[in-house]
Amino acid sequence: MDKRQSSSQDEAAIRDVVESWAAVVRRRDFEGILRNHSSDIVMFDVPPPFQSKGIEAYKKTWDLFFSCSSDPIVFDIASMTITAASDVAFVVITMHCTEPGADGERQGLDFRLTIGLRKIGGRWTITHEHHSVPAED
């Protein structure tokens, strides 16, 4: 297998990990959400806590997300760029979800997400997530 073919296969596998993760979020599937994450994941999120370390802390962040979300869950990928080497990759994504507005009504929220992955045992595993929104003036 040449390097380009391997890179293309890695990018397809990474895209599948990210797209399937977004799909299971929309279904509130905790097992699916955690499936491709490292046990020692580190995440920086928009709402507190500032940093979550480890799979249990990461799992708890979804309780807050789901408590603020009504069905159907909006968690959509708008754009995705993948950069992959043989055993490490990062993905730059823009996404759209909703959040409760000041009046209690749902309002759209566009956010940025950078995901770091490592190939562990031949499988792409998410080791880092960084969710952010632009700072407001």
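Only a predicted model underlies this, so the values are computations on that prediction, with no experimental measurement involved.
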Gap separating the CH2 atom of W62 from the CG atom of L34, nearest 0.5 angstrom
9.5 Å
In Å, rounded to the nearest 0.5 Å, how long is the span from CE of M95 to CD1 of I77?
5.0 Å
Which heavy atom of A89 sits nearest a heavy atom of I14, and at what distance?
CB-CD1, 3.5 Å
For the residue pair F75 and C97, what are the closest heavy atoms and their distance?
CD1-CB, 4.4 Å
Please check if atom CD in Q51 has more than 12 non-hydrogen atoms from other residues, nucleotides or ligands closer than 6.0 Å.
yes
Who clusters with V74? Use side-chain heavy atoms, under 4.5 angstrom, across I, L, V, M, F, W and Y, and order the result by chain and number.
none
Check: [Y] main-chain N/O paired with [X] side-chain donor or acceptor under 3.5 Å:
{"X": "T125", "Y": "R123", "result": "yes"}
{"X": "R112", "Y": "T94", "result": "no"}
{"X": "R118", "Y": "V88", "result": "no"}

Could you give me the CA-CA distance, side-chain angles and deciding distance for V91 and M80, then say whether side chain to side chain contact (heavy atoms under 4.5 Å, CB included) is met?
CA-CA 7 Å; V91 184; M80 181 182 338; 3.4 Å; yes
For the residue pair W21 and H37, categorise the inter-ring angle as parallel (less than 30°), tilted (30 to 60°) or perpendicular (more than 60°).
tilted
Which of parallel (below 30°), tilted (30 to 60°) and perpendicular (above 60°) describes H131 and F111?
parallel
Please check if the distance between the ring centroids of H128 and F44 is under 6.0 Å.
yes
Could you tell me whether the side chains of D76 and H96 share a donor-acceptor contact shorter than 3.5 Å?
no
With sequence neighbours excluded, residues passing salt bridge (charged side-chain N to carboxylate O under 4.0 Å, His left out) with R15:
none
